[in-house]
Amino acid sequence: MMAAACTIVWFRRDLRTHDNPAFLAAAKAGTVIPVFIWCTEEEGQFSPGRVSRWWLKQSLGHLDASMRSLGCPLVMRKASDSLSELLEIARVTGATHVFYNHLFDPMSLVRDHRVKQGLSQHGILTCTFNGDVLHEPWEIFDSEGQPFTAFEPYLQKAMSMPNEPEPPMLAPRHFTPSECSIVGCSAAELDLENESEEDSNAVLARIWRPGWSNAEIALDSFLAGPLARYGTNRKKADSSTTSGLSAHLHFGELSVRKVYHSVRTKQVLWIKEGKTDAAESVDWFLRSLKLRDYSRYLCFNFPFTHERSLLSNLRSFPWRLDEGYFKAWRQGRTGYPLVDAGMRELWATGWLHNRIRVVVASFCVKVLQLPWRWGMKYFWDTLLDADLENDVLGWQFISGSLPDGHELDRLEDPQVQGYEYDTEGEYVRKWLPELCRLPSEWIHHPWDAPPKVLRAAGVELGCNYPRPILDLLAAKDRLGHAIAEMWEREAAITAAVSGESLGNTLKVVNDGALSVQKLDPSKLMFDLLAKSRHDQMVPIIKDNAIKDIEIRNASSDKEEDCRHPSSLSLPPLKLLDLMPCGMVESCKRADVQKSLSPKSNTLHMAQNHSTAESSSAPKGRCEERKSGLVPVWSRSASTQSQWAREEGRVHFVPKLRSDPLPKRVLQPSQMKDQEAISGKIEGDDKTSIKEEIIRPAKRKPKAEN
DNA sequence: TTTAACTTTAT
DNA sequence: TAAAGTTAA
């Protein structure tokens, strides 16, 4: 056993004292130095945006206060490199160990791998733990030992795991602070918020309460209130019936395991009391929680997914690099009320209901045909709960980049969705005051409204509210053409590959990257690939970059509302230019994965390791491990499968049919998952809504006596 | 029994 | 949107 070790606990996105495995283990082992390092440079373009930084600032202050009351303040440092900073802290304090909890976003995978190696070179031992997920992403495989690429089979496997997520641990009752003092700064001194941001952020403080103890309060009130009706309420967009825990979970103020177990406890209780609806609601919530796990799972097993779609055919999609559209979307000036209301809410509050996230994202990608990465980046910069893993999953799902997501040719109609999620238009009225006097009948499609109705409501289309930026039928048509073009490009790539390199097909090196040199470099293929990469570059967003929107602004304070977050005026995204295939590929993927702790991997590791702390083993040991221990990248052995894995992606091989747009084909594993969870039939007046959409003019105004 | 019309669901 | 399931005629 380690006797009286001096341990640095490296806090990252686990800003809590309870159920924090790294913290608890360190407290047991000896003296503790809790550390937080703020290091934007390492995050590249995914450095947190304004609202996210605001939350972090509050949360750190909160944690620091708790640690102080335990006699051990949090050492906060601003640095340009986490490894050097940790080494420096270790040098000053004489710390011999560094403990931290796993993170799975691509930046963290690379950084943590480097940190672990660097520390071990200096004789410092690292131990890492699971503090972020119910199941570690390397625990769950399909029958061939490959990671799942669809949620449903993943979920089935996760639920049939022999090990139920462990119950949450309490905060350490006592621990020994290190005697060697080290100077840190306060949360305010980390420069998480600059002066120009303070005013905008003041609004946030009225709505949100960051910090771990506030997170527990939020959890309790969710358990006592909205949870019981989560199942039915999740369909409406404007209700305050969500858990509101996303940001707390993102920063790890709340442990997922704790949420899981508290919710399960409620469920057991409700089953006993015969409250079946409430118990079913818990299932829905658990599903969301496991979706969060799945987002980590995807990012870990396919660590390029923040830059490239999982389905490889999307690389050939002809995105429209229209910054005018992009700006109109960001400002909430597309002319589609539900989309615009959502974008205004996002800008004003940093938060959106998941339903609305789907609506606006879908509009961005399918109607405007903007690259999904543009939208994702904007979400990243503006969301309070911006979470790379969740956002990657969400945007890829929407854009048709996942085997089980929206189909590529699926195009949602914001008008239809409007009447579905916001039947009476209350949500739109709240965020688009210029439309607030419009009757429900027209609120989701003002362009159809008779002139006198518009006049009565004070709406002047093209003046104080824009006409639709694009006709939906035209958009549908454009989408069809774009998909056809995508398949043509794909066919060209396939032809180039198979024609030029017979018998020497794609070589995949063990990090999952395509080994380009080994391939016969067909010029065509390179052009196409290079183009598709370029297409997805996120543009630099500047206020004055846009000229071609036909919207004239009526009132000047509206303009104020729509100004962009200053965090968006980023320097050119050099990082992306330098590493188009992802930072991860600069590190060997398998190594990155191996460098994660085997502690939680006991199923596989049992024979090899007798102690739990084995991750501190020297490098050589690490490399001895065979691929069975953690999922190591390899090409799929089965060639019959319709899904082959190449270039780390899931490759869709369309069948030769007369149909120009191949339909999505289910994976064999998905076939059996057709047992839908039968929902309750509600006595809703869904019929009338549908009618309203088809024949809006005939519908009588509803809210009248 | 067949057919049409309608509902529901989706990470 | 579109496929699968449900109800009505």
Side-chain angles (χ1 to χ4, degrees), chain A residues 147-159 231-232 234-236 242 246 280 283-299 301-302 305 309-311 352-363 365-367 372 375-376 379 387-421 472-473 475-477 479-480 483 650 659 661-667 669-691 693-694:
Chain A
F148 291 104
T149 55
F151 179 59
E152 204 54 45
Y154 164 87
L155 187 63
Q156 295 309 318
K157 188 67 187 285
M159 301 223 281
T232 47
R234 90 210 135 80
K235 285 165 195 162
K236 287 281 173 254
T242 58
S246 53
E280 212 172 285
D283 279 335
W284 281 109
F285 182 72
L286 285 174
R287 199 184 159 87
S288 313
L289 217 51
K290 287 177 177 173
L291 199 58
R292 181 182 176 278
D293 257 32
Y294 183 61
S295 74
R296 270 82 184 139
Y297 179 86
L298 272 189
C299 273
N301 287 299
F302 305 94
T305 43
S309 51
L310 186 63
L311 289 181
L352 278 183
H353 191 289
N354 192 43
R355 292 276 149 184
I356 303 297
R357 294 185 197 206
V358 171
V359 171
V360 299
S362 191
F363 189 87
V365 173
K366 295 298 181 62
V367 177
W372 61 268
M376 188 178 87
F379 266 31
D387 181 283
L388 196 51
E389 296 94 313
N390 279 334
D391 288 345
V392 163
L393 177 62
W395 281 89
Q396 293 228 14
F397 170 78
I398 291 303
S399 66
S401 315
L402 295 180
D404 57 345
H406 281 185
E407 295 78 3
L408 191 50
D409 54 346
R410 171 169 166 183
L411 194 144
E412 303 279 0
D413 185 339
Q415 182 184 340
V416 174
Q417 290 175 312
Y419 286 108
E420 204 168 326
Y421 305 142
L472 219 61
L473 280 176
K476 219 169 270 188
D477 198 46
L479 184 59
I483 295 169
V650 178
D659 188 354
L661 307 179
K663 296 253 155 55
R664 182 169 67 102
V665 181
L666 288 178
Q667 261 184 303
S669 52
Q670 284 176 279
M671 298 294 195
K672 40 184 156 150
D673 300 315
Q674 298 304 323
E675 288 169 273
I677 306 146
S678 61
K680 278 261 156 51
I681 302 150
E682 295 291 317
D684 277 359
D685 50 352
K686 279 272 167 57
T687 337
S688 66
I689 299 165
K690 276 274 157 66
E691 268 172 32
I693 296 154
I694 300 159

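Since the structure is predicted, the reported quantities are computational estimates derived from the model, not experimental observations. Letters go in sequence order (proteins before strands), and every chain restarts at 1.
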Length of the NE2-P vector between A/H353 and B/dT11, whole Å:
15 Å

Output yes when a side-chain donor or acceptor of A/Y294 lies under 3.5 Å from a complementary backbone atom of A/S288, and no otherwise.
no

Measure from CG on A/L286 to C1' on B/dT11 and round the result to the nearest Å.
16 Å

Would you please name every residue forming a side chain to side chain contact (heavy atoms under 4.5 Å, CB included) with A/T305, sequence neighbours left out?
A/C299, A/F302, A/L310, A/V392, A/Q396

d(CD, A/E152; P, B/dT11) in whole Å
6 Å

Once you round it to whole Å, what is the distance between P of B/dA10 and OH of A/Y421?
10 Å

Only Watson-Crick and G-U wobble pairs, only distances under 3.5 Å, only runs of 3 or more: what stems does that leave for DNA chain B?
B:2-10 with C:1-9

Can any side-chain N or O of A/Y154 pair as donor or acceptor with the backbone N or O of A/K290 at less than 3.5 Å?
no

Rounding to an integer number of Å, can you tell me how far A/D404 CG sits from B/dT9 C1'?
14 Å

Atom CD of A/E420 and atom C1' of C/dT1 are separated, to the nearest Å, by 11 Å

So, does A/D404 use its side chain to make a donor-acceptor pair with the main chain of A/F151 at under 3.5 Å?
yes

Does A/L472 reach the side chain of A/L411, with side-chain heavy atoms less than 4.5 Å apart?
yes

Rounded to the nearest angstrom, tell me the gap between atom CG in A/L291 and atom C1' in B/dT11.
5 Å

For the side chain of A/S362 and the backbone of A/V359, is there at least one donor-acceptor N/O pair under 3.5 Å apart?
no

Quick one: A/E280 CD to B/dT9 P, roughly how many Å, whole number?
10 Å

Establish, with yes or no, whether the OP1 or OP2 oxygen of C/dA2 is under 4.0 angstrom from a side-chain nitrogen or oxygen of A/R410.
no

Atom pair NZ (A/K366) and CD (A/E407), whose distance is rounded to the nearest 0.5 Å:
7.5 Å

Is A/F151 stacked on the base of B/dT11 when the test is centres under 5.5 angstrom and planes under 30 degrees?
no

What's A/K366 touching, base or sugar-phosphate or nothing? Going by heavy atoms closer than 4.0 Å.
nothing

Mark yes or no for a side-chain to base donor-acceptor pair under 3.5 Å between A/D413 and C/dT1, with no hydrogen or angle criteria applied.
no

